[in-house]
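See below for the structure under consideration.
Numbers here are sequence positions counted from 1. Whatever order the structure lists them in is the order used to number ligands and atoms, beginning at 1.
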Amino acid sequence: MPASTEIALPREALPRHVAIIMDGNGRWAVEQGKERIEGHARGVERVREIVTEAATLGIGQLTLYSFSSENWKRPKAEVDFLMSLFKHYLIEERPEIMRQNIRFRVIGRRSELAPDVIEEIERSEQLSAGNTGLTLALAVNYGSRSEILDAVRDLAGQVQSGTLKPGEITEELITNHLYTAGMPDPDLLIRSANEMRISNYLLWQISYAEFWVTPVCWPDFDVKVFHQALRDFASRQRRFGGLTSTTGPVGE
Ligand code: IPE
Ligand code: IPE
Ligand code: MG
């Protein structure tokens with residue numbers, strides 16, 4: 001039985017794009033008396049589960065914060081482990097990505113990643129480019145400020161060369177120069193492990209996303225928790241700066 005039947009929400013009540021800050025792998029490991037890397041390994045299992053569930057539910061896009069541009073500050077052994085985990089995920093998950101009709105993407109400054117990792121990313125992106133189900137975007141070496149900086153530099157270059165006038169720079173043009181070009185903005189932003197911060201994630205794109213935080217650490221983030229986030233999202237009233245019928249009379 002597909003898990004989607006358990007959630008009892010109509011497709012239109014689901015977010016089109018869910019972004020997740022997968023946090024708390026280290027804390028989970030400490031709680032279990034394990035090493036941090038075991039938390040990361042367990043976290044990958046949760047990625048598999050949540051990706052499959054999002055695809056089954058018919059969610060359009062899932063964007064997972066996997067490695068931030070600031071995570072290079074961590075001990076080399078942890079960074080090396082995370083990169084190796086990512087490479088293995090790319091290779092091992094490819095058949096499943098194809099079977100589930102998932103379109104795979106990576107956002108972030110990929111030129112700073114190791115050549116063998118870049119090669120695997122490109123292989124998965126190319127192979128899955130024609131898939132029509134869930135878009136799975138992994139944010140790797142991703143930082144929102146550097147993303148905006150890259151876009152500004154590109155647009156400034158166009159202005160300097162005379163192909164673009166400052167007055168022609170619109171919100172849409174900026175959107176189309178981000179790593180997320182062509183992707184819808186997230187409707188729901190989930191963060192695990194109880195931190196109430198954004199940590200340089202999708203700053204431009206989340207301007208009207210609904211924020212949902214859980215104390216559950218990512219290695220314990222299962223389908224039940226995911227469903228709770230989706231149900232809570234469905235009960236939220238989004239206003240986008242306007243009013244709804246329940247926000248009271250205006251008065252004279
Ligand atoms: C999230 O878990 C995974 C990455 C940032 C790569 P953490 O490793 O940040 O776990 P905590 O926050 O230390 O518990
Ligand atoms: C954000 O988590 C990055 C990822 C989940 C990949 P961090 O653990 O790096 O965030 P901070 O340092 O607590 O803000
Ligand atoms: Mg963390």
Side-chain angles (χ1 to χ4, degrees), residues 17-51 54 61-90 92-93 104-114 117-118 120-121 135-150 178-180 183 186 188-206 209-222 225-226 229:
H17 181 177
V18 180
I20 307 184
I21 302 175
M22 306 184 291
D23 199 15
N25 291 354
R27 272 163 282 173
W28 178 89
V30 169
E31 276 164 24
Q32 310 280 316
K34 297 179 161 107
E35 292 182 338
R36 292 179 58 83
I37 57 172
E38 292 188 60
H40 296 315
R42 176 68 178 263
V44 176
E45 296 310 311
R46 293 305 184 188
V47 168
R48 292 196 167 98
E49 230 174 285
I50 299 306
V51 166
Q61 179 162 341
L62 186 64
T63 302
L64 303 177
Y65 208 1
S66 309
F67 190 89
S68 78
S69 48
E70 287 76 30
N71 286 148
W72 297 106
K73 293 177 193 163
R74 295 188 179 197
K76 186 175 181 301
E78 182 167 349
V79 170
D80 288 350
F81 184 82
L82 286 166
M83 286 299 156
S84 140
L85 207 58
F86 176 44
K87 188 178 165 188
H88 280 101
Y89 174 84
L90 286 166
E92 283 160 20
E93 222 45 27
F104 181 82
R105 305 279 300 272
V106 169
I107 55 169
R109 264 199 193 149
R110 79 172 58 175
S111 60
E112 293 170 0
L113 298 173
V117 172
I118 297 175
E120 299 300 344
I121 291 172
T135 295
L136 169 63
L138 297 191
V140 181
N141 192 23
Y142 177 87
S144 200
R145 287 193 169 185
S146 51
E147 175 183 42
I148 292 168
L149 175 66
D150 286 349
L178 300 174
Y179 307 144
T180 51
M183 299 174 180
L188 172 63
L189 173 64
I190 296 172
R191 182 162 188 152
S192 59
N194 234 9
E195 304 295 358
M196 305 289 168
R197 55 178 173 257
I198 302 297
S199 304
N200 204 13
Y201 195 40
L202 302 170
L203 299 179
W204 175 273
Q205 299 89 337
I206 59 167
E210 294 292 324
F211 201 17
W212 193 87
V213 177
T214 174
V216 173
C217 287
W218 181 253
D220 283 333
F221 192 103
D222 59 12
V225 182
F226 189 40

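Of all protein atoms, those that are N, O or S and lie under 2.8 Å from the Mg ion (ligand 3) total 1.
Looking at His17 and Gln205, their side chains never bring a donor and an acceptor atom within 3.5 Å of each other. Checked by atom type, the side-chain pair Ser69/Arg145 shows no donor-acceptor distance below 3.5 Å.
One finds the OG atom of Ser66 at 11.5 Å from the CD1 atom of Ile21 (value rounded to the nearest 0.5 Å). Separation of atoms CD (Glu78) and CZ (Arg74) is listed at 5.0 Å; rounding is to 0.5 Å. Atom CZ of Arg36 sits about 8.5 Å away from atom CZ of Arg27, to the nearest 0.5 Å. One finds the NZ atom of Lys87 at 15.0 Å from the CG atom of Leu82 (value rounded to the nearest 0.5 Å). With rounding to the nearest 0.5 angstrom, the CZ atom of Arg191 is 10.5 Å from the OH atom of Tyr201. In this structure, CZ in Phe81 is found 14.5 Å from CZ in Phe86, a value given to the nearest 0.5 Å.
Of the heavy atoms in Glu195, none comes closer than 4.0 Å to ligand 2. Under 4.0 angstrom from ligand 2, the non-hydrogen atoms of Arg191 all belong to its side chain. At a 4.0 Å heavy-atom cut-off, ligand 2 touches Phe67 through the backbone alone. Under 4.0 Å from ligand 2, the heavy atoms of Ser66 that appear belong solely to its backbone.
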Passes side chain to side chain contact (heavy atoms under 4.5 Å, CB included), Arg42 versus Trp28? Steps please.
CA-CA 10 Å; Arg42 176 68 178 263; Trp28 178 89; 3.5 Å; yes
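When only non-hydrogen protein atoms are considered, atom 2 (O) of ligand 1 lies nearest to Asn25 N, 3.2 Å. Residue, atom and distance of the protein heavy atom nearest to atom 10 (O) of ligand 1 are Gly26 N, 3.0 Å.
In summary, the atoms of ligand 1 found under 4.0 Å from a heavy atom of Arg27, numbered by their order in the structure, are 11 (P), 12 (O), 14 (O). Against a heavy-atom cut-off of under 4.0 Å, Asn71 is close to the following atoms of ligand 1: 5 (C). Applying the 4.0 Å criterion to heavy atoms of His40 picks out, from ligand 1, the atoms 3 (C), 8 (O). The distance from ligand 2 to the heavy atoms of Arg197 drops below 4.0 Å at these ligand atoms: 11 (P), 13 (O), 14 (O).
Between Tyr142 and Tyr65, the ring-plane angle classifies as perpendicular under the 30° and 60° cut-offs.
Asn141 pairs with exactly one of Arg109, Arg110, Glu112 by the side chain to side chain donor-acceptor pair (under 3.5 Å) rule, that one being Glu112. The side-chain contact (heavy atoms from CB on, under 4.5 Å) test with Glu147 singles out one residue from Ile107, Leu203, Thr180, and that residue is Thr180.
When Ile37, Asp23, Ile21 are checked for heavy-atom proximity to atom 7 (P) of ligand 1, Asp23 turns out nearest. In this structure, of Arg36, Met22, Glu70, Arg74, the residue bringing a heavy atom nearest to atom 9 (O) of ligand 1 is Arg74.
Distances shorter than 4.0 angstrom occur between a heavy atom of Gly24 and an atom of ligand 1. The closest approach between Lys73 and ligand 2 stays at or above 4.0 Å for every heavy atom of the residue.
Looking only at side-chain heavy atoms (C-beta outward), Leu202 and Pro186 come within less than 4.5 Å of each other.
Within 6.0 Å of the CD atom in Glu35, the count of heavy atoms belonging to other residues, nucleotides or ligands does not exceed 12.
Within the 4.0 angstrom cut-off, atom 12 (O) of ligand 2 has no protein heavy-atom neighbours.
Between Ser199 and ligand 2, a contact under 3.5 Å exists for at least one N or O pair.
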